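Remarks on the structure that follows.
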There are 2 protein chains.
Amino acid sequence: MTHNPTLQKEAQTMLPQNVLEYGREDNAIRETAAYAARRAEEIGAENVFNFSIGNPNVPAPAIVTESLMHIIQTVPPEVLHAYTPAPGMAQVRRAVADDLNRRFGTDYTANDLYLTAGASAALSIACRATLVAGDEVIIFAPYFPEYAVFAEVCGARSVILKCREEDFQIDLAAFEQAVTKKTKLVIVNSPSNPSGSIFSGETIDAMADILRKKEAEFGHAIYILADEPYRELVYDDDVTVPFIPNHYADTIYCYSYSKTLSLPGERMGYLLVPPKAADSRALYAAICGASRVIGNVNNPSLFQYLLQECVGATADLTVYKTNRDLLCAALTEYGFKMAKPDGAFYLFVKTPEPDDLAFCARARQYELMLVPGSAFGYPGYVRISYCVDTDTIRRSLPAFRALAEAYRSAEGTL
Amino acid sequence: MTHNPTLQKEAQTMLPQNVLEYGREDNAIRETAAYAARRAEEIGAENVFNFSIGNPNVPAPAIVTESLMHIIQTVPPEVLHAYTPAPGMAQVRRAVADDLNRRFGTDYTANDLYLTAGASAALSIACRATLVAGDEVIIFAPYFPEYAVFAEVCGARSVILKCREEDFQIDLAAFEQAVTKKTKLVIVNSPSNPSGSIFSGETIDAMADILRKKEAEFGHAIYILADEPYRELVYDDDVTVPFIPNHYADTIYCYSYSKTLSLPGERMGYLLVPPKAADSRALYAAICGASRVIGNVNNPSLFQYLLQECVGATADLTVYKTNRDLLCAALTEYGFKMAKPDGAFYLFVKTPEPDDLAFCARARQYELMLVPGSAFGYPGYVRISYCVDTDTIRRSLPAFRALAEAYRSAEGTL
C-alpha cells in the first residue's frame, strides 16, 4: 500500500463543493454548545449557563422505559430486530393515523404515513420528493437553518421572508408578493424554532386563500411543508396550534417525537401525505423514492414497536412553562425586549446592540451561552433555549441582570 | 379547505421524475417477498419456501438483549435518549476503531469513523460526498441494485462490469479498460450479495495496481468504495476476506452490523475514511456534509450505547454454513449448476432456461420463492437466500428436485 501525496490537492477539488461546504460550515448552535462544554471543563458545569441547544431536559415518560423493557423481554430478537417495510410497519402507521384522526377529526390511514428519522429526515425527504432545479421555497425568518440546506441541495432557491418584528407573525402582503410561478413549497414551522411564535388559524387561512388563488393562477400545486415538532409544547389554555392539513389541502406534514416524548437522540418521526393533497399518491411514491435514494431502509424496528405503545403519550412538559414564565418575567424586568413565546422552548430576545454576534460574545463573559439570531436569518436577536432545569435558570438570573446593566451603564439605555 | 382536482395531472409532472420512478420501481426482491407472504396466507406458511430476502434468521446474540436491558435500566432517560454528535459519540467510534485496529493491525481513531444507518446509508452518503455530475462509478455484476441508484441520483453514470461466470471473480483486463479519467468510485462488495464470492487478496492487489497506475495517469484519486456487511459470514477455515484499506490506500469503507449481530432492522453501521486515503480530511468533511443534507442528525442513541457494549460480538452464524452445505449438495445432485459460495448467505444458481424470470415463475408453482438474477444485473441466474431455518431447507428439497425434473423431462437435460 502506498499513499500518493501528490493527489491531495486534486482530489479535494473533485469533491462536490456544496456538500463539502455544508460539512465544513460552522454551525453557530453546535459551536456554542462546544464552547459551553469546554468552559464547563474549565470552571465547572455549575458555573456555566448553557442555553444553546434544544435538547429536552425532561426525561422521557415512564411508559417509554417500561415499554422498551417489555418489548425487549417479550418479542423474540429475530422478530424484533428484523427489517420492516420501508415506510414502517403497517400497524405502527395505523396507530399514528388513529391518533391523528382522534385529535383532528381526520380519516387518515396507514397508507398516508411514512416513518422517518425525526422531522429532519422528513423535511429532507419531502424536499427531495418535490423539488427540481429552479424551484423556489418560501421560508419565514427566523428559521431553522437546515430548511435552506435541504432546499438548496435539490437545486431550489430559498426565498426568505422576515416575520414581523412585533409579534413574529407572517406579513401576508409580502407573502402574497413572494409567491411566484416557481414557488413549489412554503415551509411553515409553528410553534417556531427559534421565536416560539404560533401562527393563528386566521393567519393560516389567509395564507391558504393566497395559495389557492396562486395555484389557480399558475395552474399547479403549491405545497405547504408543515414542520411541527413543537406542536405539544404550548403553555396557555387559550392558545391552540392550527393543524394545517385541516386548513389547506395541499399540505405535506412533518412530525417528530423528539420533544413530545423527550427522545431526540432516537430519531422518531413521520411524514404525512393527506389523501386530499394534490396528486397525493404520486407524492407518496416520490417520498418512497426520495427515502430510497438517501439509503433509508426502515426506521429502527425497536422504536417502531415502541411508537405503537406510546403514541399519544407525552413527557411531563410543565417545566417548560415554569421556565418560560420565570425567564420572561426576569429578562423583561432587566429591560430586555421580546415577544412572549406561545410555544416551543425558546425565547427570541432583541439584542441591546444591533450586532447579535458581539452581544453573544459579551454574554459569554458572564458565562451565558446564547445563539445569535443571525444563525436563524434574523440578526439583532438572540435565541435562549430554556429546556434546562429551572434551578439553572434561577442561578443564571444574576448574570443576565449584570449583562443588562453593563449595557445600560455603557450606553445609557438598554 | 377545498381540494382542486384540476391540479392533479400538472402536479405529478412537476415532481422530480427520477425520484418518482425510484419510488414506483418494482423491486423484484420485495415483490417476491410480498408474493410469498400472500401465498403463506393462502396455503399456510409451512408450505411456502421463501428464499427471497436477506433477513438473518438467527437471533441476535444474548449480549445484545442483555446490554439493551442493562443500558435502559442504568442510563437516565434524559441522557440515554439525548442528541449525540452527528458522527456518533466519540467513545463509541473509539470502540469501533479499537476493534478494527485489533483485527487488522491498523491505527484508526474516532475521527476516522462516522456512524450511519447501516451500510445502505453509508453507501448513499459516500456517493453524495464524492460524486458530481458526469463522474463514473464502476460496479461489478451481479450487484446490489441500490449501488446504481445511489450513483445515478448524484448525476454519475454506472459502469457495470460482469464478473466471470465460472467463479464470479473480476475480469482484470476488462476492469483496466473500464477505468477512465471520469472514474471516481469502484464499488467492491466482498463477500458478495448475491453471488457469495469473495475477492482474493491477489485480485484486490491487482486491482490496486491498476488503480494506482490510472491515478498517476489521470492525476486524481480513484476511490474503492468497499461494502462489507457480510465480512463475518465466511464458512471455511482456509478462506479470508481481504481488508481492502490494507491493500489500497484510497478506500472508503462501509460496514453494517445487520448480519453480524442479526440486527438488520436497527440500522447500525459506519463509514471509515482511513487517514491514508487521498485528501482524507476533506473527504470526511464532505461525508459530514452529505449526512447533513439528507437530514441525518445522529444514529439512534440507544443503539450507539449498545454498539459500545457489543462491538466484536457476533450472532451464532454456524447455521448458515450448515444451510449452504446442505443446499449446495442437494441442488448439485439434482443437476443445478453454481459456484459454491465462500461467504454471505446466498446461492447464485444458473437457471436451466436462459430466461431467469420465467424460471422464477415456474419455481413458484413448486412454492419456491427465488429472486431472478436480472434484479442484480446478471440474467440467467437466480438468487436463493439461505438465511432460513435448516428445517425449511430440508422440507424444500423435494420441491427443488421436482423443479429440476420438470426441466429435465421437458428438455432432455437440465
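Chain letters run A, B, ... following the sequence lines, proteins first, then strands; residues in each count from 1. Everything quoted here is computed from the prediction, not taken from an experiment.
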Quick one: do Ile287(B) and Val19(A) satisfy side-chain contact (heavy atoms from CB on, under 4.5 Å)? Show the steps, please. CA-CA 8 Å; Ile287(B) 281 166; Val19(A) 170; over 6 Å; no
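Checked by atom type, the side-chain pair Glu78(A)/Ser262(B) shows no donor-acceptor distance below 3.5 Å.
When the candidates Thr116(A), Leu131(A), Asp205(A), Asp135(A) are compared by the number of heavy-atom contacts under 4.5 Å with chain B, Leu131(A) comes out ahead. The most heavy-atom pairs under 4.5 Å with chain B, out of Leu68(A), Ile125(A), Ile53(A), come from Leu68(A). Counting heavy-atom pairs closer than 4.5 Å to chain A, the top-ranked of the candidates Gly54(B), Pro59(B), Pro264(B) is Pro264(B). Between chain B and the options Cys288(A), Ala129(A), Ser291(A), Ala208(A), the largest number of non-hydrogen pairs under 4.5 Å is found for Ala129(A). Highest contact tally toward chain B, considering only Thr130(A), Leu261(A), Asn299(A), is held by Thr130(A) [criterion: heavy-atom pairs under 4.5 Å]. The residue among Asn18(B), Leu263(B), Thr84(B), Val297(B) with the most heavy atom pairs within less than 4.5 Å of chain A is Val297(B). For the set Val153(B), Val132(B), Asn298(B), the entry with the most heavy-atom pairs within less than 4.5 Å of chain A is Asn298(B). The most heavy-atom pairs under 4.5 Å with chain A, out of Ala86(B), Ala33(B), Gly118(B), Pro76(B), come from Ala86(B).
Formation of a donor-acceptor pair under 3.5 Å by the Asn296(B) side chain with backbone atoms of Ala121(A) is not found in this model.
Interatomic distance, NE2 of His81(B) versus CD of Glu266(A), reported as 5.5 Å (0.5 Å rounding). Between atom CG of residue Leu20(A) and atom OH of residue Tyr284(B) there is a gap of 14.0 Å, rounded to the nearest 0.5 Å.
The side-chain heavy atoms of Val149(B) and Arg292(A), taken from C-beta on, include a pair separated by under 4.5 Å. In this structure the side chain of Arg30(B) never reaches within 4.5 angstrom of the side chain of Tyr83(A), judged on heavy atoms.
Nearest heavy-atom pair, Ala285(B) versus Arg24(A), reported as atom, atom and distance to 0.1 Å: CB-CG, 3.8 Å. When all heavy atoms of Ser124(A) and Ile294(B) are compared, the pair lying nearest together is OG-O, 2.6 Å. Considering every non-hydrogen atom in both Leu15(A) and Ala286(B), the closest pair reads CD1-CB, 4.3 Å. What you find for Pro16(B) and Arg128(A) is that their closest heavy atoms are CG-O, 3.3 Å. Smallest separation of non-hydrogen atoms from Pro300(A) and Pro300(B): CG-CG, 3.6 Å. Nearest heavy atom pair, residue Phe150(A) against residue Val293(B), reads CD2-O, 3.6 Å.
Heavy-atom distances place the side chain of Glu146(B), and not its backbone, under 4.5 Å from chain A. Heavy atoms of Val64(B) lying under 4.5 Å from chain A belong exclusively to its side chain. Interface residue Asn55(B): backbone and side-chain heavy atoms are both found under 4.5 Å from chain A.
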